[in-house]
Amino acid sequence: MKVYISATLRSFFGRRTETETQGNTIRKILKDLTDRYPEASKGLYGDDGNLRGFIRIFVDDEDRTDKSFHDDEIADGSTVLLLPFIAGGAPGESIIPDERRKEVSLDDSEIDRFSKHLLLREIGVKGQKRIKAARVCIIGAGALGSPVIQYLAAAGVGTLKIVDSDSVTPENLQSQVIHGTRDVKRPKAASARDTVRNINRNIDVTADNTRVEADNVMSVIEGFDLVIDCTDNYKTRYLLNDACILSRIPLVYAAVYQYEGQVSIFGLKGGPCLRCIYPEPPAPGLVPTCAEGGTISPLSGIVGSIQAVEALKLIIGIGENLGGRLLTVDTLGLKSKFLNVSRNEHCPLCGNSPSIYEPEGFNYEEFCGLMKEEEEIPVEGYTAEELAEKIESGEPVTVIDVREPHERAVKSFPGASVIPIGQLVRRMNELDPEHDTVFICKQGLRSILAIHTLREAGYKGPMYNLKGGMDAMKDIIFSNEAGWL
Amino acid sequence: MRKTHYQNEIASSVYSVETDEDIMARIISIAEKEYPYECCGILIGRCDDHCFEISDAYETCNHERSVKRADSFTIGPMDVYKCERALTGTEYEIIGFYHSHPDRPAVLSVKDETGMLPGLLYVLISVSAGMRKDITAYIRINEIIHEATMYCENRPKG
């Protein structure tokens with residue numbers, strides 16, 4: 001078989017451009033060539049045994065470099081071409097301008113502390129100075145915030161702001177590794193700040209205990225180079241997206257649920273924002289939050305660590321970042337994939353003719369479906385105490401538990417009938433429209449959805465919601481069922 | 001001497017590049033025309049062990065996806081093949097490639113270094129706000145990258 005070797009590969013094959021080889025497949029031809037030119041083998045193949053990225057093999061006009069073609073028989077009379085693939089490009093652009101980098105210096109202790117970074121060609125002293133000069137605002141000091149805050153602190157980010165209005169609860173400790181048992185009941189922001197100080201006292205770290213709302217989100221992120229979304233609810237997520245796009249601050253977004261997570265970067269030049277991908281959040285109750293749906297402990301460690309790496313890459317200006325791509329990680333199937341996402345020119349926020357200019361300008365409750373725009377009949381409900389009283393007094397109450405089997409296994413409601421939410425309409429005739437029926441779930445959101453679903457399906461009986469769900473019943477013990485909790 | 005990586009150290013230069021002002025002006029005007037995207041092309045000429053003489057430059061299409069063209073370039077393998085075929089029988093050959101770095105310095109990026117073919121000349125043009133800023137040239141010999149000294153003169157034709 002006649003093979004044409006580009007003269008640009010002369011350092012591997014000498015100046016010969018055309019040669020006759022043994023074999024009628026690419027694999028055999030390559031074997032023959034490397035047997036005859038032992039030096040070429042080192043040049044053609046990388047340490048992993050694969051062809052190097054700058055080699056392309058064409059059969060006639062078709063690119064056949066991919067391994068899957070290597071055993072295909074090549075027709076007589078075809079020409080095999082061994083060509084170079086010339087590619088490269090400018091070094092990435094950092095979100096920290098050179099002037100800011102030049103303002104900082106590294107002292108001896110920092111050179112020691114960050115030596116592993118300084119060894120990396122792409123980071124070096126310049127990159128480490130950019131990291132030190134960076135100002136990063138992290139919204140949420142929970143499961144995602146834990147790895148993000150700790151890694152950014154350890155990596156040497158000079159200024160960190162941690163925003164979270166919640167306090168640490170014992171159930172947080174399963175995945176929020178920035179807090180410890182003795183931090184329970186402390187504000188998360190303060191607890192996270194103390195962990196950062198423990199890592200490196202030289203970091204300028206601020207704990208902000210405020211709840212992010214439409215009227216304060218712009219001031220919360222003002223002056224920062226980068227915002228990291230470590231929140232667990234749609235309202236804050238959309239607020240942050242809008243504020244970051246309007247303030248032209250890149251946003252490293254992530255979300256986790258049960259075993260899966262996703263990461264992306266919004267607000268980069270020409271890239272999409274959250275609204276380009278998900279114009280609207282799902283209806284409340286349809287998708288449980290992490291607090292309700294649960295997550296496997298290390299998931300947020302994986303996803304949050306990816307957020308931290310992306311943040312550092314943006315700060316240093318290296319590598320291929322997740323701008324324009326959404327990375328999904330499935331820890332149960334141990335799979336991950338990239339989805340290409342692009343800017344939507346009709347996006348109300350970052351499109352060609354935007355209609356959103358101020359985060360205050362629109363109602364997030366309505367947008368997030370927390371306030372229904374159509375006249376929906378409000379759902380009546382009982383508080384945990386009211387329901388307990390009713391049951392204690394012996395009133396006839398039918399309780400329907402709409403939770404999934406594994407949730408009931410943790411804590412079951414005594415005497416409740418079990419109808420998972422997906423089977424409600426089909427099993428509607430099991431309900432008695434003459435009696436009061438109380439619907440329960442974990443936090444009292446899915447039960448509202450259950451009541452709406454039944455109403456739509458035409459059920460006419462009186463229906464009540466257990467406000468706050470089983471979580472609210474936690475501290476109530478029925479005298480006749482003392483052991484149920 | 002600029003140290004960047006223990007594997008790909010840039011050694012002090014014993015390599016030189018000779019060219020004339022017309023060719024350089026042509027490459028620069030292409031780089032400025034393509035701004036804010038990267039331009040790329042093939043350098044034609046002659047070379048011996050330490051000296052590269054650029055006699056001509058051939059502009060090629062940047063095959064990168066449009067969103068990536070601001071900081072990446074790709075020269076199609078078939079473009080190289082066609083150019084090489086056209087040079088058959090002449091005293092000239094492909095001696096290297098050029099590309100521009102819009103709004104970034106004329107230093108090799110990691111992408112550039114990874115893709116460098118040994119023994120060939122890589123000329124980089126940094127363009128800032130549409131104007132040429134800096135021109136550098138690099139050669140990889142085995143695993144070592146050398147910066148070459150450029151000599152540009154107004155040579156009489158022929």
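Bear in mind the structure is a predicted one, so any value in this text is a computation, not a measurement. In what follows, every heavy atom counts, from backbone to side chain, and hydrogens, waters and symmetry copies are set aside. Naming convention: chains lettered A, B, ... in sequence-line order (proteins, then strands); numbering from 1 in each chain.
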Exercise for review: Please state whether the side chain, the backbone, both or neither of Phe97(B) comes within less than 4.5 Å of a heavy atom of chain A.
Suggested key: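 Side chain only.
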
Do you know the tightest heavy-atom contact between [X] and [Y]?
| X | Y | answer |
| --- | --- | --- |
| Gly88(A) | Asp112(B) | CA-OD1, 3.2 Å |
| Pro77(B) | Arg56(A) | CG-CG, 3.6 Å |
| Arg104(B) | Ala90(A) | CG-CB, 3.6 Å |
| Val80(B) | Ser6(A) | CG1-OG, 4.2 Å |

Check your understanding: When rounded to the nearest 0.5 angstrom, what distance separates CZ in Arg140(B) from OG in Ser11(A)?
Key ->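 Separation between the atoms: 10.0 Å.
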
Check your understanding: Between atom CG of Leu83(A) and atom CE of Met78(B), what is the distance when rounded to the nearest 0.5 Å?
Key ->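 If we round to the nearest 0.5 Å, Leu83(A):CG and Met78(B):CE are 6.5 Å apart.
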
Practice item. Report yes or no: does Ser109(B) contribute a side-chain atom to a donor-acceptor pair with the main-chain N or O of Gly89(A) at less than 3.5 Å? Key: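 Yes.
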
Would you say the side chain of [Y] lies within less than 4.5 Å of the side chain of [X], judging by non-hydrogen atoms?
| X | Y | answer |
| --- | --- | --- |
| Leu117(B) | Phe85(A) | no |
| Glu84(B) | Tyr4(A) | yes |
| Leu120(B) | Arg10(A) | yes |

Practice item. Before giving the answer on side-chain contact (heavy atoms from CB on, under 4.5 Å), spell out for Ile86(A) and His99(B) the whole-Å C-alpha distance, their side-chain angles and the decisive distance to 0.1 Å. Key: CA-CA 10 Å; Ile86(A) 307 297; His99(B) 73 275; over 6 Å; no

Exercise for review: Between chain B and each of Gly53(A), Gly324(A), Ala7(A), count heavy-atom pairs under 4.5 Å; write down the option with the most.
Suggested key: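 That would be Ala7(A).
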
Check whether more than 12 heavy atoms from other residues, nucleotides or ligands sit under 6.0 Å from atom [atom1] of [X], and answer yes or no.
| X | atom1 | value |
| --- | --- | --- |
| Asp48(A) | CG | yes |
| Asp66(A) | CG | yes |
| Asp108(A) | CG | no |
| Lys42(A) | NZ | no |

Point to revise | Check against side-chain contact (heavy atoms from CB on, under 4.5 Å), Glu93(B) and Thr8(A) | key: CA-CA 9 Å; Glu93(B) 60 181 353; Thr8(A) 55; over 6 Å; no

Check your understanding: Do you know which of Asp79(B), Ile75(B), Asp103(B) has the most heavy-atom pairs with chain A at a distance under 4.5 angstrom?
Key ->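 Of the options given, most contacts go to Ile75(B).
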
Check your understanding: Is it the side chain or the backbone of Glu320(A) that comes within 4.5 Å of chain B heavy atoms, both, or neither?
Key ->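 Interface part for Glu320(A): side chain.
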
Review point. At a heavy-atom separation under 4.5 Å, does Leu9(A) approach chain B through its side chain, its backbone, both, or neither?
Key: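 Just its side chain gets close to chain B.
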
Check your understanding: Under the salt bridge (charged side-chain N to carboxylate O under 4.0 Å, His left out) criterion, do Arg85(B) and Glu18(A) qualify, and how do the steps go?
Key -> CA-CA 12 Å; Arg85(B) 294 307 265 184; Glu18(A) 262 180 44; 3.4 Å; yes

**Study point:** Tyr81(B) and Phe58(A) aromatic centres sub-6.0 Å
**Key:**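 No, the ring centres sit 6.0 Å or more apart.
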
